[in-house]
Amino acid sequence: MNFPDLAIFERDGVARANRQITKALRKGQSLFVMVVRLNDIQKLCASYGHKMADEIMEEFFKRLVDFANDGDAIQRIGQQRFVVLLNGLDNRGYVTLAAQKIERITRELMTKYGKAPVVRAAIGIASGDTPGTDAQDLMRCAEIASLDAHLKGQPHAFYENAGPQHLIESWAMEKRLSSAIETGQMRLHFQPKLCLTSREIVGVEALMRWEDEKLGTISPDVFIQLAEETGQIVELTQFAIHHVCRQLHDWRDSMPGLNAAVNVTPSMIRGNDVIDMIKSAAGIWDVSFDALTVEVTENALLEDRVASHRILKHVQALGAQVSIDDFGTGYSSMAYLKEIPANELKIDRSFVGDMLEDEMDHKIVEHCIGIANSFGLRVVAEGIETKAVLDELSQLGCDFAQGYYICRPLPAAELLNWYEHQFKAAIAV
């Protein structure tokens, strides 16, 4: 197998994993997705320091790459989490053997470093043979199974379609989620949006992060669905909107004129709560409505067209913007698209990342830009990892870009530092 260097994997591992899973599903390949979580990394950092702990994690990653067969794929998606895509395996027995090999790799690595604290793998496994399953579903299910294995002290676990309610009951997640908001475990990171004409940063997207003191990093795919199931999505959305408005207020002098996008889930876009939240937060922090963008997925609008259109029209009437996320992955027709109350379309990263190597992806991106232009909508491309892709998007008439080539999502203070000291060099114009 040919893999890029480790730094690239760490920069955008989740996006790469999603693209690889999507392509395997499109080809009808049998596959299993593993999320490998290494526990007690904090003990390694305390014993050896962060640099040495990172080197150990890099060696673990390289051993995973050596372990993989042709057609498999390995991605690093964080300090302690890795994704393994197993292609061509048709039963659990072979997958269990693969999990056991990864467990052995972990033990061998800890043995090599002698006095290193015990670090154990918790491996979550999801099967791709469920009808209607997409890449994000598989990643979320594998994340859930990994957390389940971690809490139960098991080396690996399969996702058994138990769903969020099982998690709530066995982990008391409803209480943990509420506590996370109250105790500051829930935070916002911000990813900048680059204007491809002026080459200036014109906006940011707010992305929620949860670092649980016991479970470690909880994937947004997991906790957002949990919030939906428990009714805490209202509290999470309010948290996000108020913190975004406060941050825009704080950035007023250092990064003036920014627009900030907040992701809103399907259940929230069907009720009036989000309108009241925007009015309240904007008033408290003295933020203009036109500095805010409500970002919703294309499929969310298909669930209840009447209610979602009513709310989005109200958002626009306030003066705020509406952005349609993950465009190109849904099933809306051209006739429906002309009815959507939106200002902007975001082309999904699954098409953008490989558009220079994959002719079909390139055609999809070009088509999406053409559709948006014909309806008078701005276009944002997500998942830009190279200057070549950025330049190609400019040539195609794309308006804005987001991605790790520009900047990864950062906490507010780090983003300001990047903007003031690294921005121009980072985009290499």
Derivation of the side chain to side chain contact (heavy atoms under 4.5 Å, CB included) call for Arg81 and Ile77 = CA-CA 6 Å; Arg81 290 154 56 237; Ile77 59 173; 3.7 Å; yes

One should read off an interatomic distance between Ser146 OG and Leu215 CG, to the nearest 0.5 angstrom, of 10.0 Å

Show your reasoning for whether side chain to side chain contact (heavy atoms under 4.5 Å, CB included) applies to Phe60 and Ile56.
-> CA-CA 6 Å; Phe60 177 77; Ile56 295 174; 5.7 Å; no

Please report the closest heavy-atom contact between Gly216 and Gln80, naming both atoms and the distance.
-> CA-NE2, 4.2 Å

Is there side-chain contact between Asp72 and Phe67, with heavy atoms separated by less than 4.5 Å?
-> no

Is any side-chain heavy atom of Trp418 closer than 4.5 Å to a side-chain heavy atom of Ile406?
-> yes

What are the two closest non-hydrogen atoms of Tyr404 and Gln191, and how far apart are they?
-> N-NE2, 4.1 Å

Glu295 side chain to Thr293 side chain, donor-acceptor N/O pair below 3.5 angstrom = no

Salt bridge or not for Arg19 and Glu385, using N-O below 4.0 Å?
-> yes

Would you say the side chain of Arg310 lies within less than 4.5 Å of the side chain of Pro341, judging by non-hydrogen atoms?
-> no

Between Asn343 and Gln316, does any side-chain donor sit less than 3.5 Å from a side-chain acceptor?
-> yes

Tightest non-hydrogen contact, residues Tyr159 and Ala145, listed as N-CB, 3.7 Å

Any chance you could measure Gln136, atom CD, to Arg140, atom CZ, to the nearest 0.5 Å?
-> 10.0 Å

For residues Ala281 and Ile241, report the shortest heavy-atom separation together with the two atoms involved.
-> CB-CG2, 3.7 Å

Does the side chain to side chain contact (heavy atoms under 4.5 Å, CB included) test come out yes or no for Leu393 and Val379, once each step is laid out?
-> CA-CA 10 Å; Leu393 288 166; Val379 190; over 6 Å; no

So which heavy atom on Leu138 is nearest to which on Ala126, and how close?
-> O-CB, 3.7 Å

Run through Ile364, Val389, Ile347 and flag the one making a side chain to side chain contact (heavy atoms under 4.5 Å, CB included) with Met355.
-> Val389

Could you check Phe375 against Leu345 for side chain to side chain contact (heavy atoms under 4.5 Å, CB included), going step by step and ending with a plain yes or no?
-> CA-CA 10 Å; Phe375 286 106; Leu345 298 182; over 6 Å; no

Would you say Glu420 has more than 12 foreign heavy atoms packed within less than 6.0 Å of its CD?
-> yes

Return yes if a side-chain donor-acceptor contact under 3.5 Å exists between Gln321 and Glu344, otherwise no.
-> no

In this structure, which one of Lys193, Arg349, Lys346, Glu382 forms a side-chain hydrogen bond (donor to acceptor under 3.5 Å, both in side chains) with Gln402?
-> Lys346

What residues form a ring-ring contact (aromatic ring centres under 6.0 Å, His included) with His243, not counting sequence neighbours?
-> Phe239

Interatomic distance, CG@Leu258 vs CG@Leu415, rounded to 0.5 Å, equals 8.0 Å

Taking side chain as C-beta onward, heavy atoms only, is Ile269 less than 4.5 Å from Val294?
-> yes

Looking at CG of Leu390 and CG of Leu194, how far apart are the two atoms once the value is rounded to the nearest 0.5 Å?
-> 6.0 Å

Does atom CD of Glu359 have more than 12 heavy-atom neighbours, drawn from other residues, nucleotides or ligands, at distances under 6.0 Å?
-> no

Determine yes or no for a side-chain-to-main-chain donor-acceptor pair under 3.5 angstrom, with Asn373 supplying the side chain and Ile369 the backbone.
-> yes

What are the two closest non-hydrogen atoms of Ala121 and Thr106, and how far apart are they?
-> CB-OG1, 3.6 Å

